[in-house]
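From a predicted model like this one, the values you see are computed outputs, not experimental measurements.
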Amino acid sequence: MSELFSDDLEDNSLLPIDFQAELNEDQYAAVTSSPGPVLVLAGAGSGKTRTLTYRVAWLLSQGVPPEAIMLLTFTNKAAREMLDRVQDLTGIPRYQLWGGTFHSIGQRTLRMFGHEVGLEKNYTILDAGESDSLIGDVVRAMDKEFFKTKGNPKAKVLSSIISYARNTLGSIEDTLSKKYPEFTTLTDQVIGFSKAYSKKKLELQVTDYDDLLEYWLRLLNASTECATWCKDRFQHILVDEYQDTNALQSAIIDHVGINHQIMAVGDDAQCIYTWRGADFENIMSFSQRHPEAKLRKIVLNYRSTPEILDLANRVLDGRPDNAGYQKDLKSVRSSMGLPKLVPTMNTDQQAQFICQKIVELHRREGYDLGDIAILYRAHYQSMELQMELSRNQVPFQITSGVRFFEQAHMKDVAAQLRFASNPGDIVAFNRLVCLLPKVGPKGAERILKMANEVSEKENVDRLNALGSKQVLKKVAADAREEWPDFVKTLRNIRESMVQDSPEVVVRTAVEGWYSGYIRQLYDNWSNRMDDLESLIGFAAKFTDITEMLSQLVLLNAETSNRSIRPDDDAVRLSTVHQAKGLEYPAVFVIGLADGAFPLQRAIEADDIEEERRLFYVAVTRAQDELYLTYPSVVMIRGGRMPARPSQFLRDLPDEHYEVHRIPGMHQRSNSSNQFAKHNRSW
């Protein structure tokens, strides 16, 4: 393979590049670093991709053969972009470099050396759904009652547990204790399932995504042939978004780069994925693991105005001394005014202000709607905003998600309410019953038919008939244990409708059978529960449950406008996580109140620093205009609670923002200085 690459290289002449003229001082210092370990801290908007691309070009210009360079990224899109840029810049065909995602490079390595861990060259890779299905088969073969037992996790959750342990190089026991405490009594069983799952995959000659990395690391540790080949072949290892690496990926990098020939490019201030396994300590301890590592900082920002960057820099000032590297981003752009801090009475007024401001930005200032982004900490915080935009016919798109009322868990709870209110609503009934294990449309039809027979024979309504022994016999065996709780919840909802407020009715639906269902089925059940808690808050606006249900249907129709296409001009709505790597001329960061951003569970767990980094990522998405809004009343666990401004706002010096007053709102003071001092005293 090396000979092939060498022959190809002889036919390609490297295009001339004036590195010093095409790079700024910081980028040039990083790109031209001498061989050896280098940690490049590339701040937001500082040209990280450009730096990596030119580093590859520099190495090629210094006579390094392309096959001796490994470029590791996190997404196929990033890999394609960088390799295409290298090809355009240097004239060297992209295929000559070993560039791609961790998983793609892992599978290439396993094709060559996988036989040493029991894999033939023609092994196949399971996608996520196929992996979940195989785990399900393994579990049923070992314990046919496991998935039938109430409270036990389903295959998708088991898959997440096993995957997290593997990617963090931790144990199943520790993973359950830290992330899934509700399942700690199942530790021995889950360990057994994990081992059997691994064995089954080898028997079938298939791998899941995690195997591509886990086997790669095992080969580097145990295979002299593989370790020697990697050591001799790869003279330079370049890693993108290094702050997002997990323990498994970091160990692979350190083993492949055994001679410390690693350039890690990232930004500790943008490490926001520790909840899914990213290890903040990887970037913080790089110099300890790779002695004599050079530290390069790229701080010149081409994205944002000086005022936005000044505020962003001050966000990081609140970190403890050991919580990150010191750096101040500097802008190359002209001033455009201070970011705006906008206090509102509640989330409804927050939504009204944003909607009005969007119209102003679009009509008066000439922004396209697609130039405007609204960022929030959690999806549920966009509910009122989506409704307000829909009412005012402002086109919007949800980035990597669905509109609030279209989410499956929202529709599931709405179906419970609809059926309890009207047992003749067969559509709602079918949706609910098919949530149960092994119950499909035909099974739902049999259950309904028997319920109708019991209803007519015993002169009871359909809902009461569902609790009969005759109906239970028609329920699939796997669902019979859950059936009594399922029916009890529906009865409780109906009883609550007679005597309680809509808020209590919805809480009855959320906290009944369905709360256990989502815990078993989804590994992100807590996020879904936050959404459902906001539905409880929505219900609190009504005095009549029938009116609430009617409005829910109408609002769902309003916010489900499918005429919006990806390329249409529309406002972007996104969680901060989904917005990472993107930029917009005008950005609203909403819900900046303690309990909402940072989230209440982060406050209670004393786990604030990742929330701070999220806020930093949010404000650095803005190019020209930045609006920070906070409501004085927020939704926390289904109840509307008085709130104070986010501690991240309270930490900001007053001179870095301008307070924007909404006409008619209670005036706490006449100056931003007094406003800030007052808020910090709360």
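Side chain of N221 to main chain of R218: no donor-acceptor pair is present (N/O by atom type, distance under 3.5 Å, no hydrogens or angles). Side-chain atoms of Q87 come within 3.5 Å of backbone N or O of R94 as a donor-acceptor pair.
Between the side chains of T49 and R85, no donor-acceptor pair of N or O atoms lies under 3.5 Å.
For residues 260-286, the set of pairs meeting the salt bridge (charged side-chain N to carboxylate O under 4.0 Å, His left out) definition, not counting sequence neighbours, comprises D267-K327, D268-R319, D268-K327. Pairs engaging residues 145-180 under the ring pair (Phe, Tyr, Trp, His ring centres under 6.0 Å) rule: F146-F193 [sequence neighbours left out].
Using bins of under 30°, 30° to 60° and over 60° for the plane-to-plane angle, the ring pair Y517/Y522 lands in the perpendicular bin. The aromatic rings of Y273 and H577 lie tilted to each other, with the angle between the two planes from 30° to 60°.
Salt bridge K580/D244: present, at least one basic N to carboxylate O contact under 4.0 Å. Using a 4.0 Å cut-off between a side-chain N of Lys or Arg and a carboxylate O of Asp or Glu, R140 and D478 do not qualify as a salt bridge.
One finds the CD atom of E214 at 9.5 Å from the CD1 atom of I252 (value rounded to the nearest 0.5 Å).
Every residue meeting the side chain to side chain donor-acceptor pair (under 3.5 Å) condition with H409, not counting sequence neighbours, appears here in chain and number order: R528, D531.
A distance below 6.0 Å separates the ring centres of F102 and F74.
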